Amino acid sequence: MATVVSHQAIGSIVSHRPSDFKASQFLKEPLNVPMKFRHKGFKIKATASQIPILDTVLSPSNNIPHESKKKTNEASLILIRHGESLWNEKNLFTGCVDVPLTEKGVAEAIEAGKRISNIPVDLIFTSSLIRAQMTAMLAMTQHRCKKVPIILHDESEKAQTWSHVFSEETRKQSIPVIAAWQLNERMYGELQGLNKKETAERYGTQQVHEWRRSYHIPPPKGESLEMCAERAVAYFEDNIQPELAFGNNVLIAAHGNSLRSIIMYLDKLTSQEVTSLELSTGLPLLYIFKDRKFMRRGSPVGPTEAGVYAYTKRLASTDRSLTRP
Ligand SMILES: O=C(O)[C@H](O)COP(=O)(O)O
């Protein structure tokens, strides 16, 4: 049965910004510094894949290559398209318009959380849009680690200084969340806010299908999937893949088309094959990154699903450590 979360509770989850928090105080593990943090004067010369992630935040002079401190040679990657939004419900093109989840979307996010509750998560990436952020937060309420996802703000030095956590214990109970606009939904241009059915009646089903699903054809004044891939996949390669290579388990909460472009990259789909890739709202997908390869494991069925632990030895040992009293 779906867990019920009131709108008030959701509001407090998503609007409670971490005002007592700072990345450099927060993460002891050597996570990679995302590109945006690396622009903030950490004086890093190495490429993304060589940088010890949050070591750099912890200590700007620390420039030990990844390999020397690598945690493990495999990591899990969970992708979740956000739950149903208010405009999904109304069948409107949404794109980059920042629309929250419906009650059904909230339930979907919680259900997704149950499905992934046994899969380790060290780091969360979301788009900058509220529907993806709500989804990540709600999903993590179901996780067995019981850690609190905390959004890292890097818009100013002051934001970083002011969001300082002084308790070591609290830091250990937190998971960093990095919000990146590059993971946003594709910009749907002049279609944003239009009804999908009415648009198909006006321009023809074939034309609208091409705008929605083709790789190369952009909607009027919007982004094609190819253009969306240029930013989303580049972000993935520069900022997320190094985390996985280091052994950090990552959850990405994003959107239908930004995730389609990332899945196209992970599964090596052709521009023709990606046209038939559809993602349901709130359905998590699991990949294992090992030996520099992505292996798709499908959608975990639920927290009691034995198969989830059979995916890898590492997940099995995580399960044992979580169940240990
Ligand atoms: O932006 C939107 O309207 C949807 O989230 C994705 O829409 P699509 O399925 O039409 O690409």
Side-chain angles (χ1 to χ4, degrees), residues 14 79-109 111-112 125-139 179-233 235-236 252-267 269-285 299:
V14 295
L79 310 179
I80 310 182
R81 182 184 175 194
H82 62 82
E84 182 195 70
S85 76
L86 284 167
W87 280 15
N88 289 144
E89 186 188 41
K90 290 180 189 298
N91 203 24
L92 306 182
F93 284 102
T94 315
C96 289
V97 183
D98 205 354
V99 174
L101 300 183
T102 60
E103 233 169 89
K104 181 180 165 200
V106 169
E108 286 175 338
E111 182 57 32
F125 288 87
T126 72
S127 74
S128 63
L129 300 173
I130 194 73
R131 58 194 185 274
Q133 296 184 5
M134 284 175 82
T135 300
M137 299 292 173
L138 288 163
W181 68 267
Q182 292 90 333
L183 300 174
N184 283 8
E185 182 53 282
R186 73 148 75 170
M187 210 282 270
Y188 251 123
E190 291 181 346
L191 303 186
Q192 290 186 171
L194 299 185
N195 182 281
K196 292 183 184 177
K197 187 162 171 278
E198 287 166 14
T199 308
E201 282 160 7
R202 183 162 171 209
Y203 295 97
T205 314
Q206 181 59 27
Q207 174 65 83
V208 171
H209 182 73
E210 277 175 2
W211 285 336
R212 292 181 65 191
R213 291 294 167 263
S214 74
Y215 184 64
H216 299 289
I217 302 169
K221 301 206 174 141
E223 283 182 307
S224 62
L225 187 63
E226 186 177 19
M227 291 152 84
C228 177
E230 270 167 30
R231 56 168 164 95
V233 175
Y235 185 85
F236 182 90
I252 306 177
H255 303 264
N257 292 292
S258 52
L259 289 176
R260 282 175 72 228
S261 70
I262 288 171
I263 290 171
M264 184 181 176
Y265 166 76
L266 301 178
D267 288 350
L269 302 181
T270 64
S271 56
Q272 190 50 44
E273 286 166 338
V274 77
T275 59
S276 48
L277 177 62
E278 296 283 344
L279 297 185
S280 307
T281 50
L283 192 75
L285 289 175
S299 185

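Small disclaimer: the values here were computed from a predicted structure and weren't measured. All ligand and atom numbering here is 1-based and tracks the order in the structure.
Residues meeting the ring-ring contact (aromatic ring centres under 6.0 Å, His included) test with Tyr215, sequence neighbours left out: none. Take Glu273 and apply the salt bridge (Lys or Arg N to Asp or Glu O under 4.0 Å) test, not counting sequence neighbours, and it matches no residue. Considering only residues two or more places apart in sequence or on other chains, Trp211 meets the ring-ring contact (aromatic ring centres under 6.0 Å, His included) condition with Tyr203.
Donor-acceptor pairing under 3.5 Å is lacking for the side chains of Thr281 and Glu84. With 3.5 Å as the limit, one finds no donor-acceptor pair spanning the side chains of Thr94 and Asn88.
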Between ligand 1 and the protein, find all N/O pairs closer than 3.5 Å and give the distance for each.
| residue | atom | partner | partner atom | Å |
| --- | --- | --- | --- | --- |
| ligand 1 | 1 (O) | Thr94 | N | 3.4 |
| ligand 1 | 1 (O) | Gly95 | N | 2.8 |
| ligand 1 | 3 (O) | Thr94 | N | 2.8 |
| ligand 1 | 3 (O) | Lys196 | NZ | 3.0 |
| ligand 1 | 5 (O) | Arg81 | NH2 | 3.4 |
| ligand 1 | 5 (O) | Glu185 | OE2 | 3.2 |
| ligand 1 | 7 (O) | Lys196 | NZ | 3.0 |
| ligand 1 | 9 (O) | Arg212 | NH2 | 3.2 |
| ligand 1 | 9 (O) | Arg213 | NH2 | 2.6 |
| ligand 1 | 10 (O) | Tyr188 | OH | 3.2 |
| ligand 1 | 10 (O) | Lys196 | NZ | 3.1 |
| ligand 1 | 10 (O) | Arg212 | NE | 2.6 |
| ligand 1 | 10 (O) | Arg212 | NH2 | 3.2 |
| ligand 1 | 11 (O) | Tyr188 | OH | 2.6 |
| ligand 1 | 11 (O) | Arg213 | NH1 | 3.0 |
| ligand 1 | 11 (O) | Asn257 | ND2 | 2.9 |

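Minimum interatomic distance between Ser214 and Thr275 (heavy atoms only, all atoms of both residues): CA-CG2, 4.0 Å.
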